[in-house]
Amino acid sequence: MYRDVSSCNTYNYGDALYWDARYVQEGGSFDWYQRYSALRPFVRNFIPLSSRILMVGCGNADLQMDVRDMSLFPDESFDGVIDKGTLDSLMCGTDAPISASQMLAEVCRLLKPGGTYILITYGDPTVRMPHLSRPVYNWKITLYNIPRPGFQKAESSTPSRKSFLEPIPLSEKGLLPADFVLEDPDSHFIYVCKKINDTEIDTIPTYQLTADVL
């Protein structure tokens, strides 16, 4: 498992100094990746209204904490964790595999059994499933894909599926089906990772992933 260069472009998204400078220059608030209107069905379906939710990646908010060490919170503190691009930023760093492992271990630790981690990312299954599917997390993973805000598909194009709210059936290796077509090449993947109880472990599909994928 290596650094994910597929969505890093020319920017040093893995460097905290880059983000400090960017937020000073831009000011104000900015909604990364997807707006709530697009994410609402996923949040409402998988995280009950009464839940205690952790939003990792606070942007330019006043509260700061390192997602690789959230020891301020005790185990099983949250019913849900939402991540819009934070794991993506870590995956652009030089120590990406270690940082990603540390962050996901903390997310898993903080989730209650039955809780859900919702990851919104540019990373397709070839670069995210090797990290998310580690048995130690006990996550049952469901994958979705939605276009970026404002995307307009060609009128002549044929939709690849009926609804973006339909999960994508992963292959036996935990990858996209061979015939799956992205309507928007710059779309976002949504991984819904439910932390299951020990008694449910036998129902989790096992994905055989090679160790040298990006």
Name each donor-acceptor pair under 3.5 Å that joins a side chain in residues 38-56 to protein atoms two or more places apart or in another chain, with its distance.
from: N45; atom 1: ND2; to: P41; atom 2: O; distance (Å): 2.9
from: S51; atom 1: OG; to: P48; atom 2: O; distance (Å): 2.7
from: R52; atom 1: NH1; to: S77; atom 2: O; distance (Å): 3.4

In a table with atom names and distances, give each donor-acceptor pair under 3.5 Å that connects a side chain of residues 65-75 to protein atoms at least two apart or in another chain.
from: D66; atom 1: OD1; to: R68; atom 2: N; distance (Å): 2.9
from: D66; atom 1: OD1; to: R68; atom 2: NE; distance (Å): 3.0
from: D66; atom 1: OD2; to: R68; atom 2: NE; distance (Å): 3.4
from: D66; atom 1: OD2; to: R68; atom 2: NH2; distance (Å): 3.0
from: R68; atom 1: NH1; to: S99; atom 2: OG; distance (Å): 3.3
from: D69; atom 1: OD1; to: S71; atom 2: N; distance (Å): 3.3
from: D69; atom 1: OD1; to: S71; atom 2: OG; distance (Å): 3.0
from: D75; atom 1: OD1; to: R109; atom 2: NH1; distance (Å): 2.8

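Not a single side chain to side chain donor-acceptor pair (under 3.5 Å) links D179 to another residue, sequence neighbours left out. For D79, the salt bridge (charged side-chain N to carboxylate O under 4.0 Å, His left out) criterion is met by K112, not counting sequence neighbours. Evaluation of the ring pair (Phe, Tyr, Trp, His ring centres under 6.0 Å) rule for Y117 yields W139 as partners, not counting sequence neighbours. With sequence neighbours excluded, the residues that form a side chain to side chain contact (heavy atoms under 4.5 Å, CB included) with T121 are D88, L119, R128, F189, Y191.
Residues M129 and I141 have side chains in contact (heavy-atom distance under 4.5 Å, counting atoms from C-beta outward). Within the 4.5 Å cutoff, no side-chain heavy atoms of K84 are placed close to those of H188. No side-chain heavy atom of L143 sits less than 4.5 Å from a side-chain heavy atom of P167. Between C108 and K195 the shortest side-chain heavy-atom distance falls below 4.5 Å.
The ring pair (Phe, Tyr, Trp, His ring centres under 6.0 Å) analysis of residues 83-108, with sequence neighbours excluded, yields no pairs.
Of all the heavy atoms in M91 and A96, the pair that sits closest is O-CB, 3.6 Å. Of all heavy-atom pairs between N145 and F164, the closest is O-CD2, 3.3 Å. Between P169 and P177 the shortest heavy-atom distance is O-CG, 2.9 Å. Nearest heavy atom pair, residue P130 against residue P125, reads CD-O, 3.5 Å. Shortest non-hydrogen contact noted between I146 and S187 is O-CB, 3.2 Å.
Remark: I118 CD1 to Y144 OH distance equals 9.5 Å, nearest 0.5 Å. Of the inter-residue distances, the one linking I168 atom CD1 with L175 atom CG reads 12.0 Å to the nearest 0.5 angstrom. From F78, atom CZ reaches atom CG of L110 across 6.0 Å, with rounding to the nearest 0.5 Å. For the atom pair CG (L182) and CG (L176), the distance works out to 7.0 Å, reported to the nearest 0.5 Å. To the nearest 0.5 Å, the span separating SG on C193 from CD1 on I196 amounts to 12.0 Å.
Checked against Y137 for a side-chain contact (heavy atoms from CB on, under 4.5 Å), the options L104, L132, V107 give a single hit: L104.
Side chain of D83 to backbone of T86: a donor-acceptor contact under 3.5 angstrom is found.
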